[in-house]
Amino acid sequence: MTTAVPLRLPAHLDHPFSPQGRLDPYPAYDWLRSHAPVHYDTMARLWLVTGHADCAAVLRDRAFSAAAGQRGRARGEELPPSMLTTDPPDHTRLRTPGQSLLGPAAIASVAAEIAGDVDDLLERLAGETVVDAVEEIGGPLATSVFLRLFGLAESDRRTFTQLAQAASINLDPLAGPQIAALGRSAMGELSRFLDAHCAVARPSPLSRLAADDRLTRPETLGVLGLAVVGGWRPLAETVGNALYWLLPRPRVLALLREGGDGAARTVMDELLRLEAPIPFTARVALRNVRLPGGEVPEGARVLAVLAAANRDPAVFARPGELVPDRTPNPHLAFGAGPHFCLGAQLVRQTGALLLARLAERFPAASLADSRPSWAATLVPRRLRALPVNLGGGDGR
Ligand code: HEM
């Protein structure tokens, strides 16, 4: 499905999805955005859309389908439906009750507990010198958030973390058939765990969702499973990605300590813009569509490259720099349009809280390795590890 002339990147640039290019895809994204923001990519065999206006249009325009976009991944009859793979009006029917799990009232109901978990987590680290922020902060934080949302007990921490880790291989829309099969089986296991838990859940956002008779049980499990797949790993990895940018910048750390909630949330958004854990998402064009940067034909499989859009100089001044007071910040790290991340408020709130408290308790924290390595996975964008020197903070 291409009518376009194949495009070649200049020899000095690695393809952003090649093993080398994955480690630092931004130079290739910059080139593509400025030379061909909408083009057919012969390596990925789909259309790559890299301009901000183009990506926003793909995500918002009904001419692009999320349902058709995922059909090729054959989720299997035994798996619950996912709102991410439906289009309106089906999508709206699944998403509206999802507010019981992730809407403002649901988040407010667990905010104090999550804040306590953040403090406990940092306190446990206080005696350590060097910690791996990915394993020891990001992962445990994400699990704590889900234990609270789902009303799970602390004794479920290990099982839940293992299930969430296994299921997160479903995040990558470019995964091959073998990985997709593993992903389906992990999803089945997670669904069975959540199904058993729904029957006995203590009062929590999950129990309120489970009691909503607008959804069948498989649909409820679909919302819960999607929250885990779409949320656990991205939230966990955001912590390492954020600290990688933050810790070498003491002035931004000082702003986090002194600027209050508003400043911390503005910084959090800027960190998500710079290092989006979900760098792209897929759609299918239902007809020929003219985007600002070019035309895609009917039936085209399209990747909206959010990570490229987030550094578009037409929208963001100094796009490759951390600008801690950037407002407005119309980044697309949470997507846009009908599928805009249902967990965005939770992520902003929890992420800002963690960063502010960490900056406060460990004012001398620094990177123990100034060149940590990025994992070769495409989604999420993540560091293999991020050793952080806590610099003798007292944990108070
Ligand atoms: C930094 C962390 C996160 C990032 C970067 C992120 C990003 C995204 C993006 C880009 C989408 C849209 C995908 C598309 O349009 O195809 C999305 C959708 C979604 N996210 Fe997140 N997400 C994060 C965390 C979470 C968390 C913690 C939860 C739940 C607890 C969550 C729940 C969802 C759900 C349910 C959807 C589907 C919405 C729909 O289809 O209507 N996300 N997320």
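Note that the coordinates shown come from a computational prediction; the quantities given were computed from them, not determined experimentally. Just so you know, ligand 1 is whichever comes first in the structure, and atom 1 is the first atom listed for that ligand.
In terms of the side-chain contact (heavy atoms from CB on, under 4.5 Å) criterion, residue partners of Asn329 (sequence neighbours excluded) are, by chain and number, Asp269, Glu270, Arg273, Phe316, Arg326, His331.
Thr86 and Arg93 share no side-chain donor-acceptor pair at under 3.5 Å.
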Name each donor-acceptor pair under 3.5 Å that joins a side chain in residues 245-252 to protein atoms two or more places apart or in another chain, with its distance.
from: Trp245; atom 1: NE1; to: Glu275; atom 2: OE1; distance (Å): 2.7
from: Arg249; atom 1: NH1; to: Trp245; atom 2: O; distance (Å): 2.5

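Under a 4.0 Å criterion applied to the non-hydrogen atoms of Arg283, ligand 1 contributes the atoms 14 (C), 15 (O), 16 (O). The ligand atoms of ligand 1 that sit less than 4.0 angstrom from a heavy atom of Ile278 are 6 (C), 7 (C), 8 (C). Atoms of ligand 1 found under 4.0 Å from any heavy atom of Leu306 (numbered from 1 in listed order, with element): 10 (C). Those atoms of ligand 1 with a heavy atom of Leu102 less than 4.0 angstrom away are 29 (C), 30 (C). Near Leu272, with a cut-off below 4.0 Å to any heavy atom, the atoms of ligand 1 are 1 (C). For ligand 1 and Phe146, the ligand atoms under 4.0 Å from any heavy atom of the residue are 30 (C).
Heavy atoms of His91 approach ligand 1 to within less than 4.0 angstrom. Under a 4.0 Å heavy-atom criterion, Pro277 is in contact with ligand 1.
The distance from the CG atom of Leu224 to the CZ atom of Phe193 is 11.0 Å, given to the nearest 0.5 Å.
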